[in-house]
Protein chains: 2
Amino acid sequence: MEDDHALAEVVAEGLRDQGMPVDLAHDGLTAAASLDHTGYDVVVLDRDLPGLHGDVLCRMIVERAGRPMVLMLTAASAPGDRVSGLTLGADDYLAKPFHFPELVLRVRALARRRPDVRPPVLRAAGIELDPVRRTAVRDGRPLTLSVKEFAVLEALLEAHPGHLSAETLLERVWDENADPFTNTVTVTVGRLRRKLGEPPIIATTPGIGYRIRGSG
Amino acid sequence: MEDDHALAEVVAEGLRDQGMPVDLAHDGLTAAASLDHTGYDVVVLDRDLPGLHGDVLCRMIVERAGRPMVLMLTAASAPGDRVSGLTLGADDYLAKPFHFPELVLRVRALARRRPDVRPPVLRAAGIELDPVRRTAVRDGRPLTLSVKEFAVLEALLEAHPGHLSAETLLERVWDENADPFTNTVTVTVGRLRRKLGEPPIIATTPGIGYRIRGSG
DNA sequence: CCCGCCTTGTCATGCCGTTGTTAGGTCCCC
DNA sequence: GGGGACCTAACAACGGCATGACAAGGCGGG
């Protein structure tokens, strides 16, 4: 992502020529939003970003686990940028103007440095759930889940193949001192079931709780 | 175990709040020694450990059978640590600084992933009963049992090849101060028998009680 | 700054499985 | 033949659970 559209296009095209898939975002907010859902290895980040300053965005990225590596582009006229950029957690920096081959080199290096052993992705019964990226997929079809729905599904997958009672779910997903007489768990599980579609994945064992159906 | 005493205390206390028993060791040698005798499920291991480097200790742990799972903490400033930490056999990693809830989540996940923690599956006379999944199978055919039925079958399988009197079952499965004149045990055993199908698995010894029939 | 959508919790309602009881029925032993 | 222990069927009550509708709160867009 770049502040200068033309430059950004050139960079993106050049990287694609090197065989890397590239997405573009021209402002910080768009970038932050799309980073939630994509699983890129490296973010090329211009420090002078409209909409949301590069520093802020960088911190947002870095503070999350499973984050991509960050290569920050800094203006040559401000040498101090390098320092603060790095202290903010960027993994590498490059001063503008730069030679394009060097950018490619560094992106490659960062991609290589990144551990491709992703922290546990939960899989069961045709579902893949990534707790870090907050994405869930069933049979290749992406699911759009609300926070609670996602948390419930995550808890059930972690417990798989065991059960979780409504009470336990209430403690883990909701607050630990939640009203024990609520039936929001039932409702949320119901909504989750509808979004998950057929065939049913969440089974109810009366008097025991819920569990993920199927092999495992 | 941590290199930073203060951080270690915080982490330990936080994990205890989550209901996990925690021991602390502030250097590698102490840790290695105590790990011989304790039966912990998960080791949270700082890579930069005084006395004995985290890598070495990790290898020592991993090479042993019945080992605990290892969650290695790596310094954020050295991304390469992640890779080698995992190649050394750590089961998960977490870069410092980290969000505490995430540490809790990962420790939980690891504890659950540990293979030999799985409680035993009860088997006898062509029946497999998994107390965790709360599933029961006869000759490959899954059974759908109610809570009471499941509990009765579980109790009988545990007692196998011995007997359980109706009175004992009443105490164990039902409340201990249940009406001693009730007939519900007989009825429940009857319903269970029907669901189990042929040939009969539960035998009655008049005046003594019930037992699982057959080999074991 | 206001408006509308999405999320989330609550309530009311209806359904279905579970469960204990009651009432016969059968078998065996005395 | 009588009695006791056990089995089974039918029944009714209870509780848990699913579902739809509704309202409050949050968040983003206009």
Side-chain angles (χ1 to χ4, degrees), chain A residues 27-34 36-37 51-52 134 136 143-153 155-156 163-198 200-211 213, chain B residues 134 136 143-153 155-156 163-198 200-211 213:
Chain A
D27 68 278
L29 290 173
T30 311
S34 60
D36 271 337
H37 309 297
L52 189 62
R134 297 202 80 81
L143 303 167
T144 60
L145 303 179
S146 76
V147 179
K148 297 297 183 191
E149 289 159 4
F150 188 91
V152 167
L153 182 57
L156 285 176
H163 286 81
L164 284 183
S165 69
E167 182 184 326
T168 307
L169 277 172
L170 198 60
E171 283 179 6
R172 291 209 194 161
V173 175
W174 283 260
D175 210 80
E176 54 196 37
N177 46 6
D179 171 22
F181 284 164
T182 185
N183 87 328
T184 184
V185 176
T186 308
V187 176
T188 303
V189 170
R191 295 199 250 253
L192 183 54
R193 274 192 176 121
R194 192 183 308 171
K195 287 191 181 178
L196 288 175
E198 296 292 329
I201 281 189
I202 302 178
T204 305
T205 306
I208 301 298
Y210 303 95
R211 76 177 175 88
R213 192 184 292 241
Chain B
R134 288 207 100 82
L143 304 167
T144 61
L145 304 179
S146 78
V147 179
K148 299 293 185 194
E149 290 158 4
F150 189 92
V152 167
L153 182 57
L156 285 176
H163 286 83
L164 285 183
S165 70
E167 182 184 330
T168 308
L169 278 172
L170 197 60
E171 283 178 6
R172 290 208 197 162
V173 175
W174 282 260
D175 209 81
E176 55 196 36
N177 46 5
D179 171 21
F181 285 163
T182 185
N183 191 24
T184 186
V185 176
T186 309
V187 176
T188 302
V189 170
R191 293 200 251 253
L192 183 54
R193 274 189 177 124
R194 190 188 308 170
K195 287 192 180 178
L196 288 174
E198 295 293 329
I201 281 189
I202 302 178
T204 305
T205 308
I208 302 297
Y210 304 94
R211 74 176 174 89
R213 192 186 295 243

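These numbers come from a predicted model, not from an experiment. Chain letters run A, B, ... following the sequence lines, proteins first and then strands; every chain starts at 1.
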Whole angstrom is fine here: how far is it from [atom1] in [X] over to [atom2] in [N]?
X: B/Arg191; N: D/dC7; atom1: CZ; atom2: C1'; result: 13 Å
X: B/Tyr210; N: D/dC7; atom1: OH; atom2: P; result: 4 Å
X: A/Ile202; N: D/dT19; atom1: CD1; atom2: C1'; result: 15 Å
X: A/Leu169; N: D/dC17; atom1: CG; atom2: P; result: 12 Å
X: A/Ile208; N: D/dG15; atom1: CD1; atom2: P; result: 18 Å
X: B/Lys195; N: C/dT18; atom1: NZ; atom2: C1'; result: 9 Å
X: B/Glu149; N: C/dT19; atom1: CD; atom2: P; result: 7 Å
X: B/Leu170; N: C/dT19; atom1: CG; atom2: C1'; result: 13 Å

Please determine, for the side chain of [X], which listed nucleotide ([options]) has the closest atom?
X: B/Asn183; options: D/dG20, D/dC17, C/dA23; result: C/dA23
X: B/Val147; options: C/dT19, C/dT10, D/dA18; result: C/dT19
X: A/Arg194; options: D/dA9, D/dG20, D/dA18; result: D/dG20
X: A/Thr184; options: D/dC7, C/dT10, C/dG20; result: C/dT10
X: B/Thr204; options: C/dG20, D/dC7, C/dC11; result: D/dC7

side-chain contact (heavy atoms from CB on, under 4.5 Å) between A/Leu143 and A/Glu149, intermediate numbers included: CA-CA 11 Å; A/Leu143 303 167; A/Glu149 289 159 4; over 6 Å; no

Under 4.0 Å: is that the gap between some side-chain N or O of [X] and OP1 or OP2 of [N]?
X: B/Trp174; N: C/dG20; value: yes
X: B/Arg193; N: D/dC7; value: yes
X: A/Thr182; N: C/dT10; value: yes

Inter-residue atom distance [X].[atom1] - [Y].[atom2], 0.5 Å rounding:
X: A/Thr188; Y: A/Leu169; atom1: OG1; atom2: CG; result: 9.5 Å
X: A/Tyr210; Y: A/Thr186; atom1: OH; atom2: OG1; result: 4.0 Å
X: B/Leu145; Y: B/Arg134; atom1: CG; atom2: CZ; result: 10.0 Å

Applying side-chain contact (heavy atoms from CB on, under 4.5 Å) to A/Arg193 and A/Thr204, what does each step give before you reach the verdict? CA-CA 11 Å; A/Arg193 274 192 176 121; A/Thr204 305; 2.5 Å; yes

When the C1' atoms of the five terminal pairs at each end define the local axes, what inter-axis angle does the helix from C/dC1-D/dG30 to C/dC30-D/dG1 show, to 10 degrees?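 That helix has its two terminal axes inclined by roughly 10°.
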
One pair to check against side-chain contact (heavy atoms from CB on, under 4.5 Å): B/Trp174 and B/Val152. What are the steps and the verdict? CA-CA 9 Å; B/Trp174 282 260; B/Val152 167; 3.9 Å; yes

Intermediate values then yes/no, side-chain contact (heavy atoms from CB on, under 4.5 Å), B/Thr184 and B/Leu170: CA-CA 9 Å; B/Thr184 186; B/Leu170 197 60; 4.2 Å; yes

Give one of base, sugar-phosphate or nothing for B/Ser146, where a contact means two heavy atoms less than 4.0 Å apart.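 Answer is sugar-phosphate: B/Ser146 comes under 4.0 Å of backbone atoms only.
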
